[in-house]
2 protein chains.
Amino acid sequence: MPVNRPVTIKDIARRFNCSPSTVSRALNDHQAINEDTRKNIQEYAREVGYQKNEVSLSLLNKKTATLGVVVPSIGHYYETAVIEGLHAVLQPMGYTLNICVTNENYLLEKEYLSKLLSNRIEGIFLSVAQETYDGGYYEHLEQVTHRQTPLIFIDREYEAFETSRATVDDYHGAYAAVEHLIQMGYRRIAHLKGPNGLTVTEQRFKGYLDCLAKYEIPISEEYIINTNFKVESSIVPTKRLLDLTVPPDAIFGANDQVAIGAMRVAKDRGLSIPQDIGLVGFDNSPITAYTFPSLTTVSRPGRKIGMEASRLFLNQLNASDDFVPENIVLPAELIIRESSLRLR
Amino acid sequence: MPVNRPVTIKDIARRFNCSPSTVSRALNDHQAINEDTRKNIQEYAREVGYQKNEVSLSLLNKKTATLGVVVPSIGHYYETAVIEGLHAVLQPMGYTLNICVTNENYLLEKEYLSKLLSNRIEGIFLSVAQETYDGGYYEHLEQVTHRQTPLIFIDREYEAFETSRATVDDYHGAYAAVEHLIQMGYRRIAHLKGPNGLTVTEQRFKGYLDCLAKYEIPISEEYIINTNFKVESSIVPTKRLLDLTVPPDAIFGANDQVAIGAMRVAKDRGLSIPQDIGLVGFDNSPITAYTFPSLTTVSRPGRKIGMEASRLFLNQLNASDDFVPENIVLPAELIIRESSLRLR
DNA sequence: CTGTTTTTTTCAAACGTTTGCATTGAATAT
DNA sequence: ATATTCAATGCAAACGTTTGAAAAAAACAG
């Protein structure tokens, strides 16, 4: 096919019998260029649709104005909120975000990081894939820090790796959720856990455990079941919970999806919510306000996390030699709705 | 800060007292390079973490192996499914996707397109922003086609603009949904429309109208209300519908979110679904199978759309002079669930 | 008309890599 | 010893742009 070669500065120079430098300066409003020359060149450039080749500029300036955002998925409300936050701060500063979705795949994560570095991006925001976690297996990150490319963790992280991070206080969010259930009179509180190995999963789990301990409620192994954060994955576990000889009177879901799945199962069994069983989710995704009953949940400030992460990035960029990574933890907020508001 | 300048081929050449060409050839396993030289260079390169500068290569080869994906939002299930589909085909071929979210903002869409072209991406997948539509206002796309950069529309489109497109048959999907409601005995069917001006909105609306006409059911203006596709935006409209002297006995929502909002309002009023009122959504997002009652909906094959769009792109890339844009329309499938399955 | 200043333009190098062609050095054939 | 072949490496240009320094052209003063 006859690819319309993009018009270059040289093409324009040829047209005006002048040197590329003159064209470049004319287009950039350099003062040492004759007014007429400038006008003519600019006009012609507009006419033929000249567009600066950013690739060559990137090579010259060693700046790409591009940042990598590496996340496991973009399907959930929270994740898109984070990206929104990053965008809100960085887009106006001229940065382009290169969003890479790893699908929780370690190899893909590794490949993306390499590729981003090869493309000389200027910073990376990373929420690690599920598969990565076990055993602090993070050598693929060494290349990033070796390059002195700013690396910011978002939410999911390698705890041992030294870099800036912006996370939500999942622990206290979970604690508050469980405490609320206890205050509502629930005592047999089950937990639909997230996938093992993720910081978020473990923090929420820990909040659950510690709160029960604090209120001297015995912890039952049977009441703790894993999910993969998707709706479907909570159906069987919830059924199993409700089939127990002593079924729970409340379920704390590791995210909204699994709580909604549990809600469905409970309703199928004819249980009334919150009278027979209390439910709490996590994330405060938009639908939770409109389920029937509406779902009590823990709100994670995704947009804010994105904005804070941006700030961390900028800090590191302008930092001096003795830069020490920063650690931002934003609070999660309990949103009390109908699914747990039991009248006694 | 002392930025660790990435090691270049020249650095390696200096280290071995040889020319950059030799290093380049050694790293690329060129046959005309002495076995020992090759080994030494490769080993050293690995040691110091050499990583090819793709920017310079892009400049040299005029190939960036990067594609732009410009979408209004990434919050909904369908959109992420499409991206998943694009990814599934293009990632293995070595393409990087540069995902740009316009937030339905025309100016941002325009800016992104310019930026992508400046960055010499090799193709663009575009789902146009809401604001863009009125009046076939698409001059910002001319620059793309002028560059002969393949441009593929996804779902939302400028109908008059000539380029390849992959869309879902919203019309027949909507038609099937309404027909199903009619077959279930509903007669006063309302429609919670999407935002005006979008092809998807209009096609679903048309399906609704045509089906009613076909079954000789009178169309009532009062039964048609706009939403913005978000849950919240369906609350007031649904209330208004139910407050009518002759309220509808079924509601066809332009997407799942608004249908779920309507479900909530109906339940608040003590209406039983599907006995008192039937509900149908659109998109088949994962939660719809687990609401109570589960939501009848129309499934859009997002992943397939992404894959088809990739195919269209590849076709155009390998096309000859007389390339004519292709137009793929995939069927939407009615998924019948509890919210409309009325026992007569 | 020469010398000086000022304005405008060009030169050349740089960014990192690849690649056709030329060159070098050695080995082999004559 | 000279010619021929072959393997291994170097040279130089190219991609598109910017930029400091040099050069050219124009304007002005004496």
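Below, chains carry the letters A, B, ... as their sequence lines are ordered, and counting in each starts from 1.
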Whole angstrom value for the distance that separates [atom2] of [N] from [atom1] of [X]:
X	N	atom1	atom2	value
B/L59	D/dT17	CG	C1'	9 Å
B/F16	D/dA8	CZ	P	17 Å
A/Q51	D/dT17	CD	P	11 Å
B/K63	D/dG16	NZ	C1'	18 Å
B/I33	D/dT9	CD1	C1'	7 Å
A/I9	D/dT19	CD1	P	11 Å
B/N53	D/dA14	CG	P	21 Å
B/D29	C/dT18	CG	C1'	15 Å

What nucleic acid atoms does [X] come within less than 4.0 Å of, heavy atoms only: base, sugar-phosphate, or nothing?
X	result
A/T8	sugar-phosphate
A/N61	nothing
A/L60	base
B/N17	sugar-phosphate
A/Y50	sugar-phosphate
A/T37	sugar-phosphate
A/K10	base

| said: As a quick check of understanding, evaluate salt bridge (Lys or Arg N to Asp or Glu O under 4.0 Å) for A/D155 and A/R165, giving each step before the final call. | reply: CA-CA 7 Å; A/D155 286 307; A/R165 55 197 77 200; over 6 Å; no
| 5' priority, DNA chain D, between B/Q31 and A/R25 [closest heavy atom] |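 Whichever sits nearer the 5' end wins; that is B/Q31.
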| field | B/P20 vs B/S56, nearer the 5' end of DNA chain D by closest nucleotide | value |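 Nearer the 5' end of the strand: B/P20.
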| remark: Testing C/dT19, D/dT19, D/dT18 for proximity to the side chain of B/S21, the answer is C/dT19
| Does the pair A/S21 and A/S24 meet the rule for a side chain to side chain donor-acceptor pair (under 3.5 Å), with working shown? | CA-CA 5 Å; A/S21 356; A/S24 169; over 6 Å; no
| request: Respond yes when some side-chain nitrogen or oxygen of A/K62 is under 4.0 Å from OP1 or OP2 of C/dA14, and no when none is. | output: no
| Counting only side-chain N and O atoms of B/T22, is one of them less than 4.0 Å from OP1 or OP2 of D/dT9? | no
| Mutual orientation of the aromatic rings belonging to B/Y112 and A/H87 [parallel < 30°, tilted 30-60°, perpendicular > 60°] |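 Judged by the thresholds at 30° and 60°, the geometry between B/Y112 and A/H87 is tilted.
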| said: Among B/E79, B/E104, B/E109, which residue satisfies the salt bridge (Lys or Arg N to Asp or Glu O under 4.0 Å) criterion with B/R156? | reply: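 Exactly one candidate clears the test, B/E104.
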| note | Closest heavy-atom pair, A/Y95 versus A/T66, reported as atoms and distance to 0.1 Å, is CD2-N, 4.3 Å
